[in-house]
Amino acid sequence: MRTSQYLLSTQKETPADAEVISHQLMLRSGMIRKVASGLYNYLPTGLRVLNKVANIVREEMNRAGAIEILMPVVQPADLWEESGRWEEYGPELLRIKDRHHRDFVLGPTHEEVVTALVRNEVSSYKQLPLNVYQIQTKFRDEVRPRFGIMRGREFTMKDAYSFHLSQECLQTTYDKMYAAYCRIFERIGLDFRPVIADTGSIGGSASHEFHVLADSGEDDIAFSNASDYAANVEMAEALAITQPAEAEAELTKVATPEQRTISDVSTFLNIPVEKTVKTLIVYGVTDEDGNTPLVALVLRGDHTLNEIKAEKHPLVGTPFAMADETVVEAQLGCNFGSIGPVGLAIPVIADRSAATIPNFVCGANENDVHLTGVNWSRDVSEFTEFDLRNVEAGDKSPDGQGTLEIKRGIEVGHIFQLGDKYSKAMNCGVLSETGKHETLTMGCYGIGVSRIMAATIEQNHDKYGIKWPDAIAPFKVAIIPMNMHKSHRIKEVAEQLYDDLLAQGVEVLFDDRKERPGVMFNDMELVGVPHAIVIGERNLDNNEVEYKNRRTGEKSMLSIDNLVDFLTSL
RNA sequence: CGGUGAGUGGCGCAGCUUGGUAGCGCACUUGGUUUGGGUCCAAGGGGUCGUAGGUUCAAAUCCUAUCUCACCGACCA
């Protein structure tokens with residue numbers, strides 16, 4: 001490609017609303033342009049990268065035995081009603097009507113459509129297992145689109161769905177997908193980690209996320225420093241932090257006027273926060289009569305609640321919601337700051353670590369009064385233990401090896417074992433070997449194709465611009481001639497090299513603009529072409545050109561005679 | 001959804017307080033100059049000042065409504 005015939009569209013200035021580096025560089029390097037909040041045009045350079053990523057994903061999916069299909073972006077509401085997600089899914093699901101006033105959705109994911117497809121096409125166990133995938137545009141009406149293409153509303157995703165008769169068979173495909181995902185991210189050259197994950201609204205049992213490690217990531221990932229254990233903080237099991245036993249102190253009421261927060265109380269009573277407990281009141285499960293009871297969650301004072309874990313407790317309502325203070329005051333007779341598990345008339349669920357504290361401090365269920373010297377076995381009539389808190393750096397790893405570290409990650413892939421949630425709701429089954437109708441069990445596997453672009457830039461850039469890994473670079477080689485319009489020699493060498501590289505199938509960007517050298521260097525470095533050939537009069541006298549590697553910064557002189565061989569061998 | 005801020009040529013911004021009919025830098029066009037790291041000089045093209053309404057002789061500027069966008073928050077007992 002010649003820059004004079006291309007839409008390079010680089011910019012010197014960074015648009016004001018771009019916050020993270022990948023967003024800034026994608027705008028400046030002319031890869032994307034915003035159309036509306038969370039919606040972007042891909043310019044030629046951006047599209048080249050997107051296609052590169054998609055092709056790697058496609059090759060690895062095919063290699064792993066998945067079969068490519070394509071499903072529509074617009075989906076009938078009927079299917080979503082069948083699965084139950086027409087009601088379950090929140091405002092992220094964009095609902096639209098056609099001219100006949102029939103309901104449709106813009107697909108945020110395709111479980112419904114694929115399940116309906118397979119239900120019609122597959123009727124015998126002999127056709128299983130089946131793993132189909134597509135690379136398609138998705139739409140999720142995000143609360144807050146941000147970071148450019150990293151969290152857009154419309155984005156490109158690879159999603160695969162597998163169908164099986166047995167858990168073992170699902171596990172086999174799941175493992176294959178896990179391996180394929182690792183290959184994909186390795187080929188692209190990302191520093192990534194598979195982590196144990198929550199299944200979220202899609203539902204199901206086993207699940208792993210694949211995270212690219214970057215400070216700008218939106219998820220917290222917990223890692224063991226001594227083993228392979230890695231989990232999203234949403235999911236990472238928090239082991240009990242036990243405290244040494246003490247002789248039971250006397251249960252004492254103390255006045256704590258205006259001391260509402262844990263740090264207030266801890267400072268006021270001069271007691272370490274680890275010896276305090278906080279009691280959070282949440283809504284329980286609504287009964288048949290429409291009454292919603294309250295449930296108390298107890299955590300050690302310095303710990304934080306993990307809502308996803310709490311939601312998994314059978315007594316806690318879904319979706320998780322903190323109780324309103326007015327409701328709490330009406331039912332429990334005191335404000336948030338003075339609640340405690342002692343003598344509480346509602347179910348008490350204690351975090352494992354909170355449940356081991358001897359002689360702790362908690363609210364007395366009476367405004368401006370706390371209790372000291374509280375002991376669970378003696379003072380709290382009835383409670384259950386549960387893993388409720390977020391893990392913290394320095395906690396023991398749940399696999400018993402080492403301690404946890406926490407880093408930020410960008411989720412670029414997610415695989416789930418769905419089980420029969422969709423196949424059951426939508427009656428998707430086959431006749432088994434014994435002639436019985438059996439419901440299929442499913443897996444689903446997603447990769448954020450467009451997000452990978454952003455994540456790659458987060459990990460591969462410097463102050464001059466993007467440093468694309470060769471695997472997904474928009475061009476492999478840049479030809480940068482110095483003052484070509486004034487030198488026939490340079491023009492000849494540059495044109496010849498361009499032709500030769502094209503003939504070899506090398507993706508090359510030939511900067512044939514009548515620009516100053518600095519402009520060309522800056523543009524090629526901003527766009528991030530991995531290999532650059534600089535052609536100048538000076539070196540031509542020795543029959544040489546200069547080679548520059550964008551990633552390593554390495555420079556060397558190359559003889560024109562074996563230039564093409566060198567570049568094709570990279 | 002709540003809080004804050006912003007909408008002025010393609011991009012980044014000034015002008016608004018104290019109304020008088022729009023300006024700067026980048027980019028773009030033309031000519032010249034320069035040529036191994038974003039040259040310099042000159043001339044030019046391009047804007048219903050987000051939209052609608054109001055006040056006024058006069059509105060980018062004041063008032064009202066509305067739309068859009070961005071950032072922050074949604075862990076607090």
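Proteins get letters first, then strands, A, B, ... in listed order; numbering begins at 1 in each. Since the model is a prediction, treat every value here as computed from it, not as a measurement.
B:U39 atom C1' lies 11 Å from atom CD of A:E515, rounded to whole Å. Protein atom CG of A:L7 is 12 Å distant from nucleotide atom C1' of B:G10, rounded to whole Å. The distance between atom CE of A:M482 and atom C1' of B:G38, rounded to the nearest whole Å, is 13 Å. Per the geometry, CZ belonging to A:R28 stands 16 Å off P belonging to B:C11, to the nearest Å. Between the C1' atom of B:C71 and the NE2 atom of A:H23 lies a distance of 14 Å, rounded to the nearest Å. We find that CD1 of A:I480 is positioned 15 Å from C1' of B:U35, with the value rounded to whole Å. Distance, A:H485 NE2 to B:G32 P: 12 Å, rounded to whole Å. Separating the CG atom of A:L43 from the P atom of B:G10 is a distance of 16 Å, rounded to the nearest angstrom.
Between B:A27 and A:K12, a contact under 4.0 Å exists linking OP1 or OP2 to a side-chain N or O. Within the structure, every side-chain polar atom (N or O) of A:R516 is placed at least 4.0 Å from both OP1 and OP2 of B:U35. OP1 or OP2 of B:A70 lies within a sub-4.0 Å distance of a side-chain N or O belonging to A:S37. Contact check, A:R146 against B:A70: no side-chain N or O comes under 4.0 Å of OP1 or OP2. Taking side-chain N and O atoms only, A:R144 has no distance below 4.0 Å to OP1 or OP2 of B:C1.
Ion pairing of A:R538 with A:E546 is absent here, as no side-chain N (NZ or NE/NH1/NH2) approaches a carboxylate O to less than 4.0 Å.
Counting any heavy atom pair closer than 4.0 Å across all strands shown, A:N335 reaches no nucleic acid atom. Residue A:D324 is classed as having no contact, given no heavy-atom separation below 4.0 Å to the nucleic acid. Residue contacts for A:L280: at a heavy-atom cut-off of 4.0 Å it reaches a base atom on one of the strands shown. Residue contacts shown for A:R389 are absent, as no nucleic acid heavy atom lies under 4.0 Å away. Among the protein residues, A:V534 comes within range of the nucleic acid bases, having at least one heavy atom under 4.0 Å from a base atom. At a threshold of 4.0 angstrom between heavy atoms, the contacts of A:I262 are confined to the sugar-phosphate backbone, with no base atom among them. Contacts of A:E19 with the nucleic acid, taken as non-hydrogen atoms under 4.0 Å apart, involve only primed sugar atoms and P, OP1 or OP2. When heavy atoms are screened at a 4.0 angstrom cut-off, A:K486 is found touching base atoms of the nucleic acid.
A:S22 and A:E458 form a side-chain donor-acceptor contact under 3.5 Å, judged by distance and modelled atom types alone. No donor-acceptor contact under 3.5 angstrom links the side chains of A:N359 and A:T372, judged on distance only. Checking A:D324 against A:Y283 by side-chain atom types alone, a donor-acceptor pair falls below 3.5 Å.
Annotation for A:E250: atom CD does not count as buried by contact number, only 12 or fewer foreign heavy atoms lying within 6.0 Å.
Across all strands shown, B:G10 forms a Watson-Crick or G-U wobble pair, both distances under 3.5 Å, with B:C26. Across all strands shown, B:G2 forms a Watson-Crick or G-U wobble pair, both distances under 3.5 Å, with B:C72. The base-pairing partner of B:G36, taking Watson-Crick or G-U wobble contacts with both distances under 3.5 Å, does not exist among the strands shown. Base pairing of B:U17: no nucleotide in any strand meets the Watson-Crick or G-U wobble criterion (both distances under 3.5 Å). Across all strands shown, B:G50 is found opposite B:U66 as a Watson-Crick or G-U wobble partner, with both distances under 3.5 Å. Shown here, B:G31 forms a base pair with B:C41; the pair counts as Watson-Crick or G-U wobble because both key distances fall under 3.5 Å.
Closest to the A:V143 side chain, of the nucleotides B:G38, B:C1, B:A70, is B:C1. Distance from the side chain of A:T304 is smallest to B:C75 among B:U39, B:C75, B:C71. When distances run from any side-chain atom of A:Q11 to the nucleotides B:G36, B:U39, B:C11, the shortest one goes to B:C11.
A distance of about 13 Å separates the P atoms of B:G2 and B:U66, rounded to the whole Å. For the C1' atom pair drawn from B:G23 and B:G9, the interatomic distance equals 11 Å after rounding to whole Å. With both ends at atom P, the span from B:C16 to B:G7 equals 13 Å, rounded to whole Å. The gap from the C1' atom of B:G46 to that of B:U55 amounts to 33 Å, rounded to the nearest Å. For the P atoms, the distance from B:C40 to B:C63 is 42 Å, rounded to whole Å. If you take atom P in B:C41 and the same atom in B:A22, they sit 27 Å apart, rounded to whole Å. Nucleotides B:A59 and B:U68 place their C1' atoms 22 Å apart, quoted to the nearest Å. Remark: the separation of the C1' atoms in B:G15 and B:C76 is 45 Å, to the nearest Å.
The base of B:G7 is not paired with the side chain of A:D17 by any donor and acceptor separated by under 3.5 Å. Taking 3.5 Å as the limit, the base of B:G36 and the side chain of A:E546 contain a donor-acceptor pair of atoms between them. In the interface, the side chain of A:E13 is paired with the base of B:G25 through a donor and an acceptor atom under 3.5 Å apart.
For A:F475 and A:W468, the ring centers are positioned 6.0 Å apart or more.
Between A:N522 and A:P15, the residue anchored closer to the 5' end of RNA chain B is A:P15, taking for each the nucleotide with the nearest heavy atom. Along RNA chain B, the nucleotide nearest to A:G38 and the one nearest to A:Y464 differ in position, and the one closer to the 5' end is contacted by A:Y464.
Judged purely by atom type and a 3.5 angstrom limit, A:Y547 has no side-chain atom pairing as donor or acceptor with the backbone of A:L567. At least one donor-acceptor pair under 3.5 Å links the side chain of A:S338 to the backbone N or O of A:D368.
Classified by interplanar angle (parallel below 30°, tilted 30° to 60°, perpendicular above 60°), the ring pair A:H313/A:F386 is perpendicular.
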